[in-house]
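First the proteins, then the strands, lettered A, B, ... as listed; each starts at 1.
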Amino acid sequence: MRLTRYFLPVLKENPSEAQIVSHRLMLRAGMIRQQAAGIYSWLPMGLRVLRRIEQIVHEEQAKAGHIPVLMPTLQSADLWRESGRYEDYGEEMLRIKDRHKRDLLYGPTNEEMITDIFRGNVNSYKDLPLTLYQIQWKFRDEIRPRFGVMRGREFLMKDGYNFDIDKDAAIHAYNRHMVSYLRTYERMGLTAIPMRAASGPIGGDNTHEFLVLAETGESEVFYDSAILDLKLGDRVVDFDSREECEGIVREWTSPYARTDETHDEGVFNEIPEERRKSSRAIEVGQIFYFGTKYSEPMGAVVVNDQGERVPVHMGSHGIGVSRLLGAIIEASHDDKGIIWPEGVTPFPVGIVNLKQGDIATDGACEALYNTLIAKGLEPLYDDRDDRAGAKFATMDLIGLPWRITVGPRGLAKGLVELTCRRTGESEEMSAEAAVARLVQIYEKH
RNA sequence: CGGGGCGUAGCGCAGUCUGGUAGCGCGACGGUUUUGGGUACCGUAGGUCGUGAGUUCGAAUCUCGCCGCCCCGACCA
């Protein structure tokens, strides 16, 4: 993409509405604009990252054997009356009436709807296990939205629902989700710690939240620092294997890690002191097993291998997709701007032309631009007629992990400069070598 | 919802106390200059001062209502 043909409205100054760093940077980097309290438009740069995150979620869900669907944002109140949550959910649920005065609501979550789909179409244990998920906009009418997309009222969420014949099978689904979530966050460059949590309005006993450590987090967490050393890395996981999933879950849930809601000072104090940590953290996902809480009242039953009608065991699982942008920026930025991890960056690399209008630099940039596209690494090419300083400042702000600087000085020696946003380190090399290096870096992402 | 604050040009702000018809910086646009970290100078455009009513010869400024936004708290992916 050429910057002169793109839509990237960056701000030099901090908008007064934004308090925390991720919110400020998302506004300044031209990613989002607020339309109402807790409701945002996504501009091209923000949308690109949002789509990257969605793509990673989809890919990891597919590996775990989960099936994508898409349910509407508006739901009939009748479904929620069946589960009893229409009354229970409270003011946070946005209620709407259509022209026939029928009660609708903008879905804050979809347990009822997915259960309705299930009960109308699945009758036999032979169709289990089944896990359906979607990535869809939700609305929760927070009393006080804040922190930009981290605590918006409208938010994009991956929500998934597993249907299993019994508790053992459903626990495997729970474990499978934990493993796939760990992989998902890792690919986004995040360290997300699974922590025993409280279940809230979804219900159920078995639940973990995934938390990213950050000073601006809304949760207070306590953990054994040993958990930070755990990595899934390139490990190939057989998601059908109960033993393997259970083993990974055991490994990740053995070190102490809890939110303040479930924190136990006594158990915590048994950890060696140097590993005893507390911090603020951002919740970026949660998984639940809640058994037959919805299937029983809503009649989601299947016939088992004995010919008996039994309610299915269910769980649900969420990833805060739009919130993740904020969480990633909170975890990865400096005083100049955002630093995107390679896995989610809107563009893999930026090209800075230091002398726009110069035949040699323009030509070198064009060639580099086309070569990178041909390699599947679409660059953001700053082809504006502007000062070097202004171009560098924009690149630093929007946070592309790599930058290639092309100027007459280097070109005279046949060299360009490859700069790492995270470390600030630069290296002069031929354009071919820079392309080869980038191809190598992005092979993993 | 309780407490606090704010609403003036795209962004950041001054002007409000003490009424006289709107200004600064950045940005945008045009030029000259400059050219490896937001260059300098000249010029141009852009505002029904959130909104409605009232007071007044006259309201960004005073009064009342309404709307919106931000911060702290309780609540939440």
Inset, instruction - For B:G43 and B:G52, measure between their P atoms and round to the nearest Å. - result: 36 Å

Legend entry - Identified pairing partner of B:G68, criterion: Watson-Crick or G-U wobble below 3.5 Å: B:C6

Legend entry - Per A:Pro15 side chain, nearest of listed nucleotides B:G38, B:C71, B:C11: B:C11

Inset, instruction - Among the candidates B:C11, B:G38, B:G37, find the nucleotide nearest to the side-chain atoms of A:Thr394. - result: B:G38

Inset, instruction - Give one of base, sugar-phosphate or nothing for A:Gly152, where a contact means two heavy atoms less than 4.0 Å apart. - result: base

Inset, instruction - Establish, with yes or no, whether the OP1 or OP2 oxygen of B:C70 is under 4.0 angstrom from a side-chain nitrogen or oxygen of A:Gln34. - result: yes

Inset, instruction - Quote, to the nearest angstrom, the C1' distance that separates B:C42 from B:U33. - result: 11 Å

Inset, instruction - Please tell me which of the listed nucleotides, B:G38, B:A74, B:G36, lies nearest to the side chain of A:Arg28? - result: B:G38

Inset, instruction - Answer yes or no: does a side-chain N or O of A:Thr405 lie under 4.0 Å from OP1 or OP2 of B:G36? - result: no

Inset, instruction - Rounded to whole angstrom, note down the C1' distance from B:U8 over to B:U16. - result: 11 Å

Legend entry - Watson-Crick or G-U counterpart of B:C1, or none if no pair lies under 3.5 Å: B:G73

Inset, instruction - Tell whether A:Asn14 reaches the base of B:G12 with its side chain through a donor-acceptor pair below 3.5 angstrom. - result: no

Inset, instruction - Decide if the gap between the ring center of A:His177 and the ring center of A:Phe288 is smaller than 6.0 angstrom. - result: no

Legend entry - Whole-angstrom distance between B:U56 and B:U63, as gauged at atom P: 16 Å

Inset, instruction - For the side chain of A:Arg387, starting at C-beta, report the closest nucleotide among B:C76, B:G38, B:U39. - result: B:U39

Inset, instruction - Give A:Gly407 one of three labels, base, sugar-phosphate or nothing, depending on what nucleic acid heavy atoms sit under 4.0 Å from its own. - result: base

Inset, instruction - Indicate, with yes or no, if the rings of A:Tyr369 and A:Tyr381 have centres closer together than 6.0 Å. - result: yes

Inset, instruction - Pick the P atom in B:G2 and in B:U61, then give their distance to the nearest Å. - result: 27 Å

Legend entry - Options B:C11, B:G38, B:C76, nucleotide nearest the side-chain atoms of A:Ala393: B:G38

Legend entry - Any A:Arg144 side-chain N or O less than 4.0 Å from OP1/OP2 of B:C70: no

Legend entry - Test of ring centre spacing under 6.0 Å for A:His317 and A:Tyr133: no

Inset, instruction - Could you tell me whether A:Glu17 contacts a base, only the sugar-phosphate backbone, or nothing, with contacts defined as non-hydrogen atoms closer than 4.0 Å? - result: sugar-phosphate

Inset, instruction - Please state whether the phosphate of B:G27, meaning OP1 or OP2, lies under 4.0 angstrom from any side-chain nitrogen or oxygen of A:Lys12. - result: yes

Legend entry - Inter-nucleotide P distance (B:G68, B:C75), Å rounded: 25 Å

Inset, instruction - Find out whether the Lys NZ or Arg CZ of A:Arg119 is both under 6.0 angstrom from the six-membered ring centre of A:Tyr294 and within 45° of the ring's axis. - result: no

Legend entry - Side-chain donor-acceptor pair present, A:Arg52, A:Gln55, cut-off under 3.5 Å: yes

Inset, instruction - Rounded to the nearest angstrom, tell me the gap between atom CD in A:Glu218 and atom P in B:C75. - result: 12 Å

Legend entry - A:His23 vs A:Arg384, nearer the 5' end of RNA chain B by closest nucleotide: A:Arg384

Legend entry - C1' gap between B:U35 and B:G47, integer Å: 36 Å

Legend entry - G-U wobble or Watson-Crick pairing nucleotide for B:G36 (cut-off 3.5 Å, both distances): none

Legend entry - Proximity to the side chain of A:Arg409 - top-ranked nucleotide from B:C75, B:G36, B:G27: B:G36

Inset, instruction - Quick one: pull up CD1 in A:Ile20 and CE in A:Met26 and give me the separation to the nearest 0.5 Å. - result: 10.0 Å

Legend entry - Six-ring centre of A:Phe347, A:Arg48 cation under 6.0 angstrom, axis tolerance 45°: yes

Inset, instruction - Assign A:Ala18 to base, sugar-phosphate, or nothing according to its heavy-atom contacts below 4.0 angstrom with the strands shown. - result: nothing

Legend entry - From B:G25, B:G37, B:C76, nucleotide with atom closest to A:Glu13 side chain: B:G25

Legend entry - A:Ser322 vs A:Ala37, nearer the 5' end of RNA chain B by closest nucleotide: A:Ala37

